[in-house]
Amino acid sequence: MLEISIGKIACEKGIPLEARPLVELERGRREGQGDWATNAAMQWARTFGEKPLDVARRIVSLLPGSPLVERVEVAGPGFINFFLSRSWMTGTVEHILGCGPDFGRVNSGGGRRVQVEFVSANPTGPLHVGHGRGAAVGDICARILSFAGWKVEREYYINDAGLQMELLGRSTQSRYFEICDRSEEAPFPEDGYKGGYIFDLARNVLDSEGERFLGMPLKESLPFFTEYAGRVILEGIKKDLEDFGVKFNVWFSEKSLYDGVRVPSMLETLKKNGFAFDADGATWFKATAFSDDKDRVLIRSNGAPTYFASDIAYHKDKFDRGFDMVIDVWGADHHGYIPRMKAAVQALGRKEEDLQVLLIQFVNLLRGGEQVSMSTRSGEFVTLREVIDEVGVNATRYFFAMRRSDSHLDFDLDLAKSASTDNPVYYVQYAHARIHSIFREATARGITVPDPSGADLSVLVEPEEIALVKRLSAFPEEVEKAANDLAPHRIVFYAYDLAGDFHSFYNAHRVLGVGAELEGARLLLAEASRTVLANALSLLGISAPEKM
RNA sequence: GCGCUUGUAGCUCAGUUGGAUAGAGCAACGGACUUCUAAUCCGUAGGUCGCGGGUUCGAAUCCUGCCAAGCGCGCCA
């Protein structure tokens, strides 16, 4: 409404609207700079040939009044600051209470379909903390996108074909022989999986299948070991994710890509679009037609497709399934892969931005201030399961999501599990629990929360109350930004700040026993705060306890 | 060598489609519980936004050159 007003004024000034910056409103950053502010006068000063301050004053003088706006000021080099009136406060709280669990929903997705593919770890070992971060970030992104009006599907791509799986089978097979004191017959492969879980798998095989594989050629028994180990590990992964609160709609098997149809069909599409060619006995993708720096092999001269080829086929399959946007969550070490994948997507006839790649940086585990060293190959890694068992699902999710996903994360195990002042998870949850505590006490005293429509919220005038209402009202914008930027950490920060605003309010003012009118208004404010805290925590997949 | 990411308070990090006096938490120091949970709050102190140029009314943010860290540059997966 305010934008339109300003726009009209610009028109009245007799200067055409086009080729001029749009009017932008943003929230005031600090006390005295208004609830909303615009730099429009500064943007237009050049076009008008006047000083920004003069332009600002003229705009203000032409602004119509609004019941929501208490006053308008010109400040600084030419900012126009809007101060909102009390009726706006009342309306905000009523609106939140009316929406309840749906407050914060926005429709930037507009019902479009998006697929989030994440974790996608090889089933060659249990999930470790790095996967855990990807799981948390992917899951929270999916929740946020859904809240922002996207139709979301979550997918796990199972790398169940290829050399790594064979290596897993051979590792297990070797351990099986080793347990039977016949290790010299099946030497442990170089670069094999050395983790203790391989012994567990081998022992299980021995228990259920006996020693029947000992007398069999290695080649013959290998498929069993490979299939068995892969299946059991995948089951474990599924269980870990489930216990971590992460669900998938689709578990997509890499093997299913090699059905003799998908890769050739993908090649046909690329050739038809003019982006595949033969050279040196191999088939190539013309990645340099886009922003990649070299062309890439699709089919080797020995006839075998590359990993990249199956990845293109996979992404073609995704788009064929009708998604408007596809999000891949990758470990940051794969960043060099992005240009060619984006190129492939364009070669398939999609826009570059239809594929979004979210990079997850490495996690640095800290215990006692010391870095916990990890390496998958040596089998020395901390599993997601261990972290969950040690610090709990809520703290684990919170810590994984608290930083921008593309920056390194220090995960302090001692801090995460400490039920102390320093732990930000408890800080947020405690705000929610405190509000419930107020309601419990209110009930004990026979006080009920009034109906929002009948209450007078204009009695909320204290700075802490106003700050809290402003924070509450910003939630939908935060959801929208988090969705647009695929930035779960924004919600973490928002929840933390909101909790802080509530704690400040709580410490400065009493809710109960301050007179019926004020008490009612504060109960409604508390309920609105509880609602938004719960909604934010729900986006993070973190519980909102009633008691701590 | 080329490319990507990062560099903000002692530490860990927000802020990066150009806006006003760069913000939190931890650590340090000083305060606040007869009351709805002190797992909280209030205050003090802490900064050449890696360094140098440039663009403009205005730069942590954009451009450019350096420096440092991490990660990539296969007919591997």
For this output row, return yes or no: ring centroids of A:Tyr156 and A:Phe118 closer than 6.0 angstrom.
->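 No, they do not, as the ring centres are separated by 6.0 Å or more.
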Looking at the side chain of [X], which of [options] is the nearest nucleotide?
X        : options             : result
A:Leu163 : B:G3, B:U40, B:A77  : B:A77
A:Asp406 : B:A39, B:U6, B:U12  : B:U6
A:Tyr496 : B:C73, B:U40, B:G25 : B:G25
A:Asp333 : B:C75, B:U12, B:C71 : B:C71
A:Ser301 : B:C41, B:A77, B:C75 : B:C75

Think [X] has a side-chain N or O under 4.0 angstrom from the OP1 or OP2 of [N]?
X        : N     : value
A:Ser407 : B:A14 : yes
A:Arg300 : B:G74 : no
A:Tyr427 : B:C41 : yes
A:His489 : B:G15 : yes

Mind telling me whether A:Phe308 and A:Tyr337 have parallel, tilted or perpendicular rings, with 30° and 60° as the class edges?
->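 Ring orientation of A:Tyr337 relative to A:Phe308: perpendicular.
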In terms of the angle between their ring planes, are A:Trp284 and A:Phe277 parallel, tilted or perpendicular, with boundaries placed at 30° and 60°?
->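 The rings of A:Trp284 and A:Phe277 lie parallel, inter-plane angle below 30°.
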Dot-bracket encoding of pairs in RNA chain B, which uses [ ] for pseudoknotted crossings and | for another strand, Watson-Crick or G-U under 3.5 angstrom | (((((((..((((.....[...)))).(((((.......))))).....(((((..]....))))))))))))....
For B:G15 and B:G30, measure between their C1' atoms and round to the nearest Å.
->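 It works out to 30 Å between them.
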How would you label the contact of A:Ala442 with the nucleic acid (heavy atoms, under 4.0 Å): base, sugar-phosphate, or nothing?
->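 Counting heavy atoms under 4.0 Å across all strands, no contact is made by A:Ala442.
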Does the side chain of A:Asn159 come under 3.5 Å of the side chain of A:Glu254 through a donor N or O and an acceptor N or O?
->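 A donor-acceptor contact under 3.5 Å links the two side chains.
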Taking RNA chain B as the partner, which of residues 506-516 of chain A come within under 4.0 angstrom of it by heavy atom?
->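 Only A:Tyr506, A:Asn507, A:His509, A:Arg510, A:Val511, A:Leu512 qualify.
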Would A:Glu390 and A:Arg367 satisfy salt bridge (charged side-chain N to carboxylate O under 4.0 Å, His left out), going step by step from the backbone distance to the final call?
-> CA-CA 12 Å; A:Glu390 185 169 343; A:Arg367 188 193 298 281; 2.8 Å; yes
